Amino acid sequence: MAGYEPKAIEAKWQQLWAEEKTWEVANPGQPGHAAEKPKAYVLEMLPYPSGEPHVGHLKCYAVGDAIAHFRRRHGFEVIHPMGYDSFGLPAENNAIKTGEPPRAATERSIESFRRQFREWGISIDWSRELATHTPEYYRWTQWIFLRLFERGLAYRDEAPVQWCPKDATVLANEQVVDGRCERCGTQVEQRRLEQWFFKITDYAERLLADFDLLESWPEHVVTMQRNWIGRSEGAEVTFRCEELDLDFPVFTTRPDTLFGATFFVLAPEHPELERLIAGTPVEEEVREYVNRVARESVEDRGDEDRPKTGVPLGRTVVNPVNGEEIPMFVADYVLMEYGTGAIMAVPGHDTRDYEFARAFGLPVKRVIEGADEEVAGDEEGLPYPGDGPMTGSGRFDGKHNREAYEEIVAWLKGEGRGESAVNYRLRDWLVSRQRYWGAPIPVIYCEQCGIVPVPDDQLPVELPEVDDYAPQGRSPLAAAEEWVATECPRCGAAARRETDTMDTFVDSSWYFIRYLDPVNQEAVWDRAAADHWLPVDQYIGGVEHAILHLMYARFFTKALADLDQLSVQEPFANLFTQGMITRDGAKMSKSKGNTVSPGEYVERYGADTARTYVCFMGPPERGGDWSDEGVEGVQRFLSRLWRLCEEVEAKGDAAVDAGAAEGEARELLAKAHWAIDKVSRDFERGFQFNTAVAAVMELVNEAYRVKDGIYGDPAGLGAVRFATATAASLIFPFAPHLGAEVWERLEGRRIWETPWPVADPALLASDTVTLVVQVNGKLRDRIEASSEAPEAELLALARESEKVRRHLDGKEVVKEIVVPGKLVNLVAR
RNA sequence: GCCGGAGUGGCGGAAUUGGCAUACGCGAUCGGCUCAAAAUCGAUUGCCCUUACGGGCUUGUGGGUUCGAGUCCCACCUCCGGCACCA
């Protein structure tokens, strides 16, 4: 008998699936569309094609493919597409280092991914394949940009960016390591430059509210997004600088502490700062301070443990609740990006304001009674961030601060000095990159007309070829002079193209919709196709995308729905995040040399083994440690199933006859039905694939245990045959080639066209149960009992047990607990 | 600091509603087959005491609820992830 040869089996089925285009599905209205079936959109995050696939990819697509197969066999028309997130920095950095154009390296990598996906046997609808770096795709990325621009959701504004003075270039955040340029090690500066933004902050409220529309997302992902959006309720209160006739609004979550404000602080970037200091004695000192802050790295400035610094401005503002004049300061602990860039400082009830007050010898005033042991900085128990009755707050004294809160806001509103307000931590999405390998931003700058969008019929704005990819303080595209020079679409005058490209997160914010109509030349997608397939029923990917990618895609979906291009508000109804695979407990990285190449393992053990192993090594949502011995264990299991199939096949045909099966034959049938039930429930209960695979292993083990004793009996052979075919059917989502092969040999049919099995309740139930007998909660005996036995009979059985008697000797049973079908507990004294 | 998640054999991990702790796999030990090895088949394998029969202990730590706790409650410790001067 030939042994298990995965290579031959896998090649056979991969060829058949490719030739028959088995996994392709048609849109409504197209030939071959299965209108009678419910749809299921199963999607894994598209890979970024850089080099070869790694084990993280293998795990993601193995998990997603298992789900796709499971749904297909439950009668769903499953759309399961694949593509490549093929713009991005690594390809460009590689180009700078080696001179190889990004396109060449990217396309070579795509070829490698495509080949390996086929070798892994992933059930992909290849007719829908796309890559975001192709003009056919980014034409529509640009089209969406223009629609957002028309709506005011894409805008240009000045923003601080990371600037390397030596390389004279803007750096992406991830290129700044410990405040220094990744390439030359120079200290990075902040500069203000004109940048493109998407107005995601307009959607902050909906991005929060619509978590309710999701079916099933991991709780921690929702929490992470909630924190990222960072909604705070409070009030905007206006403080007035009488000398200069200037109003300074501040945002505060604690209007109840207004009476405790003893000073006032502006961010160093505050636009009114210049007016406040012009011609005053502190002018020089403040400028120096502001410049010093501007040179600081973001990390340093964000460090909470650093001593507070700042400069007094020699000006005052009036506290609207009590008319007190309080001094103004500039300090870097106040951020321009949040709220209004100015704060009222309440050192008695805020730790940061307290630290500043101590450093500058400013008064600390208590306005709420109470003490916080944890943070108390002085003998009076201040600063105190908690709640309590108010004091030193005029007519609000004695009132609980939470009650006074609304009253104070209402009073301010009446005075025209404030109102309730909501603030978000979320900032607008900065999408422009001074980089080559991305989708060009489709706008033109005209002296006369200003910013002019490229007309739709001139899309795509194709990426020009350049020789030098290294940024020189501007986008590498700026060097393509012939490309940059164009004419204004509005007035025809000479004009220049935008040379920035888009963040690659823009490309990946809508790819899942383009899959639904990937070759459409006339429109971004056919509305009927999008309406049919969306939302994605099951999205699978790494938890590292919990915030950015998933939130950007949610934002795009909402914006596109507002543009009347979509009918859904949320793109991904169910989300599954897989955990990271480690090696020897450490994150895999090329520099550590501990990477696992899936290609090697597929070559050595076969795709079925590699796929089943990543599903078996632990709960898929958690991480797991790769072990070569573990891979071999799975290989052994699949070989055992294979040899069982060959043995059974050689013994000839025999029908399953549950009625005729007795003894071990019946037990084996029961085990098979138990496995069907177990695997089905593991799928439904959140993809617990490790225990699902374990259940199939148990079934195969049981078949090995009993087979030689029951082959002689036709019903026995039938039972072994059924167990083997069932094991193949259940392992198919994880090991599709072996599953298909064994099923074909035993059943003569295609497993993926065979409905998922259903466990027979009659075989799940057993006539007898093992009764656990405890004395005082401790296990003393196990007794076989009829599963229908009444409580009294179970009790009698328990008391008869010799082992139980020994422990009851000389004691009185004061309580008897019976859980029918499970256990008896005798409480003795 | 804030918000999540997790602590179970030598290792990865299992335990559905509060009811047999350690399924399944790895590793290890022993045995069958073999001249031998590999492959394979089978047995044993939480810890401690005991020749044995048997007994005791055990799910990060300490307490609690309960006939009964890995599971529920309280306090604490450790590790991992996210956010972090966000007013």
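Bear in mind the structure is a predicted one, so any value in this text is a computation, not a measurement. Numbered from 1 within each chain, the chains take letters A, B, ... in sequence-line order.
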Given the [atom1] atoms of [N] and [M], what is the spacing between them in whole Å?
N     : M     : atom1 : value
B/C80 : B/G13 : P     : 15 Å
B/G10 : B/G60 : P     : 13 Å
B/U78 : B/U59 : C1'   : 16 Å

Is there a Watson-Crick or G-U wobble partner for [N] with both distances under 3.5 Å, and which nucleotide is it?
N     : answer
B/U22 : none
B/C2  : B/G82
B/U34 : none
B/A14 : none
B/A43 : B/U29
B/C76 : B/G60
B/U66 : none

With sequence neighbours excluded, residues passing side-chain hydrogen bond (donor to acceptor under 3.5 Å, both in side chains) with A/T201 |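 Only A/D428 meet the side-chain hydrogen bond (donor to acceptor under 3.5 Å, both in side chains) criterion with A/T201.
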Report which part of the nucleic acid [X] touches: base, sugar-phosphate, or nothing (heavy-atom distance under 4.0 Å, all strands).
X      : answer
A/D332 : base
A/S627 : nothing
A/S639 : nothing
A/V334 : base
A/V827 : sugar-phosphate

Closest to side chain of [X], choosing from [options]:
X      : options             : answer
A/Y704 : B/C41, B/G82, B/C85 : B/C41
A/F251 : B/A87, B/A14, B/C85 : B/A87
A/T252 : B/A87, B/U16, B/G19 : B/A87
A/K815 : B/C67, B/G82, B/G25 : B/C67
A/R806 : B/G27, B/G13, B/G54 : B/G54
A/T691 : B/A14, B/G25, B/G19 : B/A14
A/Y333 : B/G27, B/G68, B/C85 : B/C85
A/E698 : B/A15, B/C24, B/A87 : B/C24
A/R780 : B/G55, B/A15, B/C24 : B/G55

Tell me whether the side-chain N/O atoms of [X] come closer than 4.0 Å to OP1 or OP2 in [N].
X      : N     : answer
A/R425 : B/A84 : yes
A/R640 : B/C41 : yes
A/N690 : B/A14 : yes
A/N825 : B/U66 : no
A/R705 : B/G42 : no
A/T351 : B/G1  : no
A/R685 : B/A15 : yes
A/R643 : B/C41 : yes
A/K778 : B/C57 : yes
A/H807 : B/G55 : yes

Answer yes or no: is there a donor N or O on one side and an acceptor on the other, between the side chain of A/T257 and the main chain of A/G260, under 3.5 Å?
->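 Between the backbone of A/G260 and the side chain of A/T257 there is no qualifying donor-acceptor contact (under 3.5 Å).
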Check: A/H349 side chain, A/Y384 main-chain N or O, donor-acceptor pair, under 3.5 Å =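 Between the backbone of A/Y384 and the side chain of A/H349 there is a qualifying donor-acceptor contact (under 3.5 Å).
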Check the side chains of A/E647 and A/Y711 for a donor-acceptor pair under 3.5 angstrom, ignoring hydrogens and angles.
->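 Side-chain D/A pair, A/Y711 to A/E647: present.
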What integer distance in Å separates [X]:[atom1] from [N]:[atom2]?
X      : N     : atom1 : atom2 : answer
A/F616 : B/A23 : CZ    : P     : 12 Å
A/I581 : B/C80 : CD1   : P     : 20 Å
A/Y354 : B/G1  : OH    : C1'   : 18 Å

Heavy-atom neighbours of A/E784 CD exceed 12 at 6.0 Å |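 More than 12 heavy atoms, drawn from other residues, nucleotides or ligands, come within 6.0 Å of this atom.
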Is any N or O donor-acceptor pair between the side chain of A/R636 and the base of B/U40 shorter than 3.5 Å?
->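 Result: no qualifying N/O pair found.
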Where does B/G32 fall, syn or anti, if syn means a chi angle no more than 90° from 0?
->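 Anti, since the glycosidic angle lies more than 90° from 0.
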Face-on cation placement of A/R425 at A/Y338 ring, 6.0 Å and 45° thresholds |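 No, a cation-pi geometry is absent between A/R425 and A/Y338.
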Considering only heavy atoms from C-beta outward, does the side chain of A/F637 approach that of A/S639 to under 4.5 Å?
->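 A/F637 does not reach A/S639 side chain to side chain.
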Return the 5'-most residue of the pair A/T770, A/R306 with respect to RNA chain B, ranking by each residue's nearest nucleotide.
->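 By nearest-heavy-atom nucleotide position, the 5'-most residue is A/T770.
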Enter the distance from A/D353:CG to A/T262:OG1 here, rounded to the nearest 0.5 Å.
->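 Taking CG in A/D353 and OG1 in A/T262, the distance rounds to 8.0 Å.
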